[in-house]
Structure formats: C-alpha cells, structure tokens
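Quick note on labels: first sequence line is chain A, next is B, and so on, each numbered from 1.
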Amino acid sequence: MIDNKNLLTREQIAACVAKDLEDGWLVNLGIGMPTLIPSYIPSHCDIMFHSENGVVGMGPPPLPGEEELDLISAGKGLVTLIPGGAYVNHIDSFAIARGGRLDCAVLGAFQVAANGDLCNWRLPHQKSGSVGGAMDIAAGAKRVYVMMTHTTREGDPKIIAERTYPLTAGGVVSKIYTDMAIVSVETNELVLEAVAPGVTPDDVQSATGAHLNIEKVQEIQLNL
Amino acid sequence: MIDNKNLLTREQIAACVAKDLEDGWLVNLGIGMPTLIPSYIPSHCDIMFHSENGVVGMGPPPLPGEEELDLISAGKGLVTLIPGGAYVNHIDSFAIARGGRLDCAVLGAFQVAANGDLCNWRLPHQKSGSVGGAMDIAAGAKRVYVMMTHTTREGDPKIIAERTYPLTAGGVVSKIYTDMAIVSVETNELVLEAVAPGVTPDDVQSATGAHLNIEKVQEIQLNL
Amino acid sequence: MKNKRAESLEDAVNIVVDGATVLIGGFGPPGVPEILIDGVCDNKIKDLTIVTNNAGTDRSGVARLMDEGCVSKLVCTFPWAKESFIFKELYDAGKLQLEIVPQGTLAERMRTAGAGLGGFLTPTAVGTDLAEGKQIHKVDGKDYVLELPLRGDVALIKAHKADKRGNLIFNKSARNFNPIMAMAADQTVVEVSEEVQIHELDPEVIITPSVFVDTYFVTGHYEVGKGSKQV
Amino acid sequence: MKNKRAESLEDAVNIVVDGATVLIGGFGPPGVPEILIDGVCDNKIKDLTIVTNNAGTDRSGVARLMDEGCVSKLVCTFPWAKESFIFKELYDAGKLQLEIVPQGTLAERMRTAGAGLGGFLTPTAVGTDLAEGKQIHKVDGKDYVLELPLRGDVALIKAHKADKRGNLIFNKSARNFNPIMAMAADQTVVEVSEEVQIHELDPEVIITPSVFVDTYFVTGHYEVGKGSKQV
C-alpha cells in the first residue's frame with residue numbers, strides 16, 4: 001500500500017493531461033475532473049474546447065457580473081465563449097463529436113480494460129445510468145484519454161484485464177491519467193509511461209488489475 | 001382529334017393549378033411550366049414557395065437593377081426572397097422536402113400512371129437522366145400535382161394505365177393538370193374533374209391511356 | 001399570412017393532450033420552455049411521454065411537470081443528477097418509466113423523423129446495453145447500430161426571438177435541441193422571449209425557418225430556471 | 001492560433017492530387033469555388049472524381065475542370081442541362097463516367113460521412129433505377145433504401161466571409177451544399193470573398209464553425225460564373 005501523500009492531486013493530474021494536449025486541437029472535456037484541465041493549458045497553446053451542448057470554443061467561467069445564464073458547459077456550470085467560438089445545435093455538435101473532428105476527449109471512468117474498453121456511464125448495481133454524450137463522444141473522438149483515481153475508494157483496481165462494468169465504448173481509450181501514473185493503451189499491452197514522484201512501478205502494478213509493461217517508465221515532472 | 005385552339009395555354013393551366021393551392025401552404029414548383037404558377041396566386045393568399053437549393057419563401061424575379069447573382073431558383077433563374085423568407089443549407093432544405101412540410105409539389109411529368117406513379121426524370125431511350133431533387137420531393141411532399149401537356153408531341157397519351165417509363169416515385173400523384181383537363185387520381189380510378197372549354201369528356205378519354213370516370217365532370221372556368 | 005401567435009398560454013398549449021409524446025427543448029436550464037410547461041401543468045394533463053435531455057432541474061420546468069403527475073414516461077440522456085431530485089423520488093417510487101438514449105443518438109433520432117428518413121446507422125453504443133435488441137449492420141467492416149426515428153406529437157421549445165411569420169433565433173447554448181425538435185413533431189409550439197417585425201430578422205441568421213413553427217407564445221424575458229409559478 | 005489562410009492559390013489547392021475524390025460546392029453558378037477550381041486546373045491534376053450538383057455551367061468552374069481533362073468521374077444530380085454542354089461532349093465521347101444521385105440523398109450521404117454515421121434509410125428512389133442494387137429496409141411497413149456515406153478526400157467550397165479562425169458565413173442561395181461538404185472531407189479548402197477579424201462574425205450567425213475548415217483563400221468578390229481565367 002502506498003503512502004497517500006504521494007498520490008497526485010486532481011489538479012496535478014489535470015496538469016499532466018494538459019501537457020499532452022497539442023496546439024491546434026479541438027478537445028471535449030467530460031464532467032468532473034477533466035474540467036480542471038483548461039487552467040493548465042499554456043497561454044501560447046491554442047486549444048479549443050467543445051461542449052456537446054452546442055458550444056465550440058468554450059472559455060473559462062465568467063467574471064462576476066458577466067454571467068450569462070444561457071451559456072453553460074455540458075456539466076451545467078456557467079462558462080464563456082472565446083473569440084472565434086460559435087454556437088451550434090445538438091445535431092451539428094454531435095456531428096463534430098462522432099465525425100472525427102475531436103482531436104481528443106478527456107473523460108472520467110469507472111473502469112478501463114487492457115484493450116481500451118471504457119466503462120463510465122453506469123455501475124453494475126445501478127438499475128440505470130446517466131449516459132449523456134459519453135457514448136457518442138467516446139465512439140467518435142480521435143483519441144480518448146481517461147482521467148481518474150487509480151483505484152476505487154475501496155482500493156480495487158480500475159484498470160483491469162477485462163471489464164466487469166457496463167460498456168460505454170469498446171477499445172477506444174489510448175491513455176490513462178491517474179493519481180499514481182500515466183498508462184498508455186497499446187495494441188497488445190498496457191505500458192506504464194510514468195509514475196508519480198514517490199510511487200514505484202511495483203506500487204502501480206499492484207494497484208492495477210492487468211499486466212503493465214514497465215520497461216520505459218519515467219517519473220512525472222510536477223511543476224505545481 | 002380535338003382542335004388545337006381549344007387546348008389550354010401554359011398560362012391557363014398554371015392558373016388552374018394556382019386556384020387549387022390553399023392559403024398558408026408551402027409549395028415546391030418544378031422546373032418549366034410550374035414556374036408560371038406564382039403569377040396566378042391571388043395577392044390575399046399567403047403561399048410560400050420552397051426552392052430546394054435552400055430558399056424558403058422564394059419571391060418573383062428581381063426588378064431590373066436589383067438582381068442578385070447568388071439568389072436563384074432550382075431552375076437557375078434569378079429570383080428574390082419574400083419578407084420573412086430564410087436561407088437554409090441543402091440538408092435542411094431536403095429535410096423540409098422529405099419531412100412532410102411541403103403541402104404541395106407541382107411537377108412536370110413524362111407519364112403518370114393510373115395508380116399515381118410519376119415518371120419525370122428520364123426517358124426510356126436515354127442512357128441517363130437529370131434527377132435533381134425530383135425523387136426526394138415527390139417522395140416527401142404531402143400532395144404531388146402534375147402539370148403537363150395531355151399527350152406527347154406525337155399525340156401519345158401521357159396518362160396511362162401502367163407506366164412504361166423509368167419511375168420517379170411510386171403512387172404519389174394526386175392531381176393532374178393538362179392542356180385538356182384536370183384529372184384526379186383516386187384510390188381505384190382516375191376521375192375526370194374538369195375539361196377545357198370546347199373539349200369533350202370523350203376527347204379527353206381518347207387522348208388518355210387509362211379509363212376515366214367522367215360522371216362528375218365540369219367545365220374549367222377561365223378568367224384569363 | 002397565418003397568425004401563429006397564441007394570445008394566451010392556454011391557447012398555446014391546448015394541443016398537448018393526455019397520452020401525448022412531447023419533445024421538450026433544453027439542456028440543463030437553458031432553452032427549457034418553462035412557461036409552456038407551466039401551461040401544460042395548469043391543464044392537468046396526464047400520461048405524457050416526455051423526450052428531453054435532462055430529468056428536470058430543481059422544481060421548475062420538466063421537474064414541475066413530473067412533480068404534478070403529468071408524466072408517465074421519460075426518454076432522456078442524463079437522469080441521475082443532484083438537481084433532478086424530483087425525478088429520482090418518482091422513479092424510485094415506481095411512478096415513472098425511464099428510457100435512456102445516448103445524447104447524439106437522441107438528437108439524430110429526432111432529426112431523422114423530421115427529415116422524413118427511416119433510420120440511421122451509428123457507431124454510438126455498439127456493444128453496450130443501450131444497443132440491446134437493436135439491429136447491427138456492418139459497413140466497411142465496422143459495426144453500426146440501426147436507430148429509428150423518434151417523432152413527437154408536439155414539440156415545446158424555447159427561442160430568443162420570433163418574427164411575425166414564426167422564424168426563430170436562439171440565445172447562446174439555449175439553442176441545443178430546440179431547432180431539432182422544431183422539425184420533429186406534428187405540432188411545434190414555441191415560447192419566445194421577444195416578438196419582432198418580419199424585417200428585423202436577417203434571412204441569413206434565421207436558425208429555424210417559419211415552416212417548422214405552428215404556434216408561438218410571447219413570454220418576455222425571465223430568469224432561466226425561474227419560469228415556474230411554483231417557485 | 002493556427003493560420004489557415006493560404007497566401008497563394010497554389011498553396012490553397014496543392015492538397016488536391018491525381019485520383020482524389022473532390023466535393024465541390026455550388027448549385028448552378030452560386031456557391032461554386034471557381035477560383036479554387038482554376039487552381040486545380042493550373043496544376044494539371046488528373047483522374048479526379050468530382051461530387052457536385054451540376055455538370056458545370058458554360059466554360060468556368062466544374063465545366064473548365066472537365067474541359068481540361070482533370071475529371072474521370074462525375075457524381076451529380078442534374079447533368080443534362082443546356083449550360084452543361086462541355087459535360088455532354090465528354091460524356092458522349094466516352095471520356096467521363098457518370099453517377100446520378102438524387103439531390104437530397106447526395107446531401108444526406110455527405111452529411112452522414114461528416115457526422116460519423118454509417119448510413120441512413122430514405123424513402124427517396126424506392127422502386128426506381130437509382131435504388132438498383134441497394135438494400136431495402138422496411139420500417140413501420142414502409143420501404144426505405146439504405147444509402148451509404150459519401151466522403152471526399154478534399155472539399156472545395158465557397159463562402160462569403162471567413163474570420164481569421166476560419167468560421168464561415170455564406171451569401172443567399174450560394175450556401176447550398178457548401179456547409180455540408182465542409183463537414184464531409186478529410187481536408188476542407190474554402191475560397192472566401194472577404195476575410196474579417198474574429199470579432200466581426202457574431203457567434204450566433206456562423207454557419208460553418210472553424211473546426212470544419214482547414215484552409216481558406218481570399219479571392220475578393222468576382223462576378224459569379226466568371227471566375228475562370230479562360231473566360
């Protein structure tokens with residue numbers, strides 16, 4: 001069991017993801033942790049955010065006094081529109097999502113399987129879930145990155161050999177950012193790319209339900 | 001053989017169709033003869049014209065000096081937009097056409113069969129034809145009215161028991177306006193509704209390749 | 001020109017009858033026709049099937065509609081949210097049927113109905129519970145789910161402005177499902193914050209052409225999420 | 001911010017290579033990117049499959065492209081028109097393949113590609129020659145043709161204005177297929193009459209968001225149908 005103080009904070013994970021988003025990309029951010037990402041995008045880097053409720057070019061929350069109640073994110077927080085942004089209807093918004101125009105979607109997850117299966121819309125014991133746009137976005141984005149804690153609150157691994165939870169989209173996840181590590185989903189294996197400072201590859205392996213290739217592991221550089 | 005001087009002019013046929021278009025309708029007009037119709041719509045009657053190239057609320061040709069080269073009809077003539085008209089893209093334009101929002105489409109035809117089959121896009125001897133939007137509009141409009149000469153130049157009937165030309169849309173035509181008569185396509189029969197002044201029901205029947213019910217025939221009232 | 005303006009809320013919503021399937025615009029609070037919904041509540045309509053993205057926010061809009069017992073079935077994408085506590089209460093008590101549809105598929109199913117199409121093939125939900133019982137087609141070696149049109153008897157939507165012919169424009173992210181639903185119902189009823197003269201809407205910027213609008217009701221501007229008289 | 005502005009016509013069109021499938025906007029003369037087409041002609045590109053509504057008007061635009069031998073196949077809706085005499089000449093001489101697609105189906109097939117869908121069911125063309133060899137599906141007792149996505153390697157479109165991010169608005173009926181084609185190709189190249197600053201296009205009135213635009217080339221205004229240097 002690793003020391004909790006070595007786990008990355010949500011903000012640190014967000015910074016790790018932000019570092020991997022490339023200039024010029026259009027990115028969709030899921031509800032929850034992924035919404036922390038924009039703060040960590042360097043200002044010289046032009047990344048546009050797509051919100052599936054029809055906002056292309058979503059900006060940060062409004063300054064006090066400038067709130068527009070008709071301008072929200074998919075997570076229903078008040079947001080702004082960047083210069084050069086545009087409003088679209090739900091059809092065009094999901095044409096963007098499914099049509100391969102999202103360079104990346106960063107989503108939360110309950111489970112990710114070694115083959116890239118994503119489970120994030122319903123827990124097995126629930127009668128139903130809230131799917132929102134997750135299935136469309138996960139099926140359509142060029143890259144799906146997952147951002148989550150490495151294990152459940154009970155300590156069970158969320159990265160596993162085969163999924164046991166209801167599927168959101170099959171084989172779509174290419175990269176996983178957790179509070180312990182960055183894991184890349186390759187064709188035949190999971191590759192441990194980097195670990196948090198103070199966390200060892202063995203720590204990560206033992207908190208993971210699938211085999212990790214640790215040959216090229218590095219340490220995550222934190223600038224926070 | 002009837003006297004040609006008793007045949008209706010194109011303008012007179014257009015006036016007959018115009019009389020049957022109802023206040024509040026959205027109407028698509030095919031290329032050729034149907035484009036004469038708008039001149040005969042009474043000014044108190046609010047009929048909107050849809051042009052499949054993205055014009056909802058097409059108005060008459062522009063006055064000299066007011067031409068806009070970017071504003072044309074489906075027949076490629078310069079037109080105008082009525083107040084309250086709107087421009088749409090081809091997807092929305094054909095959503096209107098197929099989606100049942102056209103109260104009526106008035107199209108030309110090579111042949112109409114007794115069951116309402118419409119043939120207007122390709123002659124049998126041609127290797128290919130020009131379909132344009134005819135198949136979508138004919139399949140989607142609430143009513144399809146046909147406007148044509150009663151016979152071919154060679155005197156062959158264009159209203160026939162069973163079509164011999166390539167199909168545009170099956171069973172869609174509900175009314176036929178020709179230079180001799182107005183014929184209604186009913187479930188089990190063709191009903192001769194009205195004949196041109198000086199034309200007898202027998203004249204029409206002998207120029208028609210299918211049986212006509214002539215029990216309720218009237219004479220077309222011309223106000224031209 | 002047909003006058004599509006309803007002079008009273010009652011006139012605007014009396015097309016909504018017991019048992020109807022009603023498409024209701026909005027994503028979160030923006031774009032929800034809260035006043036029209038109030039009108040349906042006032043009419044004590046029962047057994048509605050409601051198609052809308054969320055399962056209501058707090059106590060107004062769709063939440064009020066459920067709370068007042070007007071709804072027997074909800075078709076939506078995201079029912080489990082803190083602000084949808086009324087839905088949860090009713091669902092847990094077995095008083096509400098629920099159908100979950102992925103958001104892009106929900107929009108596309110309505111557009112398909114509005115565009116006179118018979119269905120579409122989507123990669124969304126392949127291999128998931130939400131594709132159960134649906135046909136799978138392979139195109140170019142990839143699996144797609146066949147999804148069918150979803151049509152409403154009535155669409156209740158919200159727009160920013162209507163001109164006197166019924167052309168509509170929307171406000172920011174309150175656009176969302178509204179223009180799609182306007183196409184997808186037998187009757188489309190719009191609440192608009194503002195009515196303008198015909199020449200005041202540029203034909204280049206009209207989002208919903210008048211041909212998709214049957215009735216509009218002018219509500220004036222009110223604070224989003226506060227439409228309900230119950231609040 | 002990525003600079004999508006091409007500084008020369010050559011830079012704008014060098015993505016169009018021999019054998020490519022190219023979607024070309026326009027319905028009749030309005031909305032045809034005549035200058036971009038001139039650029040493709042100048043590059044002496046061969047064996048293009050062109051997807052566009054008409055078979056060219058007089059001697060400019062798509063007509064010039066065919067006339068200069070750049071095209072081996074034309075996918076269109078309305079080839080037989082007086083003004084498409086160059087097409088007729090080439091077709092009759094056996095120098096051009098032709099595929100006719102109903103206009104609504106052509107638009108929808110491109111949108112389907114752009115929207116990441118696998119196909120759609122349409123009532124259009126049921127029972128006709130144009131449905132030959134295609135699957136028929138019955139939905140609610142009615143027959144529909146299954147139509148598949150149509151994607152371009154490149155879309156060449158024409159817009160009225162672009163802002164510096166690449167957002168587009170169009171002019172009147174020159175809108176037509178252009179916004180659809182912008183979605184449906186791997187690379188979308190736009191000729192625009194005018195370039196404006198970012199804040200000059202209201203986000204409510206943008207028809208094609210910048211995410212669908214890869215390159216734009218500013219041509220200035222010219223008389224429709226007279227783009228070609230050959231005229």
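In this structure, chain D has heavy atoms under 4.5 Å from both the backbone and the side chain of B/Glu52. Of the two parts of B/Val79, neither the backbone nor the side chain holds a non-hydrogen atom closer than 4.5 Å to a non-hydrogen atom of chain D. Of the atoms belonging to D/Asn54, it is side-chain heavy atoms, and not backbone ones, that fall under 4.5 Å from chain B. Interface residue B/Phe94: only side-chain heavy atoms are found under 4.5 Å from chain D. Within the 4.5 angstrom heavy-atom criterion, no atom of B/Ser93 approaches chain D. Looking at B/Ile96, neither its backbone nor its side chain comes within 4.5 Å of chain D, counting heavy atoms on both sides. With a 4.5 angstrom heavy-atom cutoff, B/Ala74 touches chain D via backbone and side-chain atoms both. The contact between B/Thr168 and chain D is made entirely by backbone atoms, counting heavy-atom distances below 4.5 Å.
The most heavy-atom pairs under 4.5 Å with chain B, out of D/Pro79, D/Ala55, D/Ala81, D/Ala174, come from D/Pro79. Among B/Ala139, B/Ala134, B/Gly129, B/Ala169, the residue making the largest number of heavy-atom pairs under 4.5 Å with chain D is B/Gly129. Between chain D and the options B/Asp92, B/Ile137, B/Leu167, the largest number of non-hydrogen pairs under 4.5 Å is found for B/Leu167. Residue with the most contacts toward chain D among B/Val131, B/Leu69, B/Asp70: B/Asp70 (heavy-atom pairs, distance under 4.5 Å). Top candidate by heavy-atom pairs under 4.5 Å with chain B, chosen from D/Thr105, D/Asn178, D/Val224, D/Asn176, is D/Asn176.
Contacts with chain B (heavy atom to heavy atom, under 4.5 Å) involve these residues of residues 115-135 of chain D, listed by number: D/Thr122, D/Pro123, D/Thr124, D/Ala125, D/Val126, D/Gly127, D/Thr128, D/Asp129, D/Leu130. The stretch residues 201-210 of chain D places none of its residues near chain B, where near means some heavy atom under 4.5 Å from a heavy atom of that chain.
Applying the side chain to side chain donor-acceptor pair (under 3.5 Å) test to every pair with at least one member in residues 180-193 of chain D, sequence neighbours left out, gives these pairs: D/Arg151-D/Asp186, D/Glu191-D/Tyr222.
In this structure, CG in D/Asn171 is found 6.5 Å from CD in B/Glu68, a value given to the nearest 0.5 Å. Note that CG of B/Leu123 and CH2 of D/Trp80 are 12.5 Å apart. Values are rounded to the nearest 0.5 Å. A distance of 9.5 Å separates NZ in B/Lys127 from CG in D/Leu98, rounded to the nearest 0.5 Å.
A distance-only check finds no donor-acceptor pair linking the side chain of D/Ser173 to the backbone of B/Asn53 [under 3.5 Å]. Side-chain atoms of D/Arg175 do not come within 3.5 Å of backbone N or O of B/Gly54 as any donor-acceptor pair.
Looking at heavy atoms from C-beta onward, D/Phe170 lies out of side-chain contact with B/Asn89 at the 4.5 angstrom threshold. Using a 4.5 Å cut-off on side-chain heavy atoms (C-beta onward), D/Gln103 and B/Asp136 make contact. You'll find the side chain of B/Arg98 reaches within 4.5 Å of the side chain of D/Glu108, heavy atoms only.
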Checklist line | Residue pair B/Lys76, D/Glu83: steps toward the side-chain contact (heavy atoms from CB on, under 4.5 Å) verdict | finding: CA-CA 11 Å; B/Lys76 296 170 203 150; D/Glu83 66 272 21; 2.9 Å; yes
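Residue-environment remark: CD (B/Glu162) stays at or below the threshold of 12 foreign heavy atoms within 6.0 Å. Surrounding NZ of B/Lys19 are more than 12 heavy atoms belonging to other residues, nucleotides or ligands, all under 6.0 Å away. Within 6.0 Å of CG on D/Asp92 lie more than 12 heavy atoms contributed by other residues, nucleotides or ligands.
The minimum heavy-atom distance between B/Ser73 and D/Phe27, with the atom names listed, is O-CE2, 4.0 Å.
Not counting sequence neighbours, the partners of B/Ala14 by the side chain to side chain contact (heavy atoms under 4.5 Å, CB included) test are B/Leu36, B/Ile37, B/Tyr40, B/Met147.
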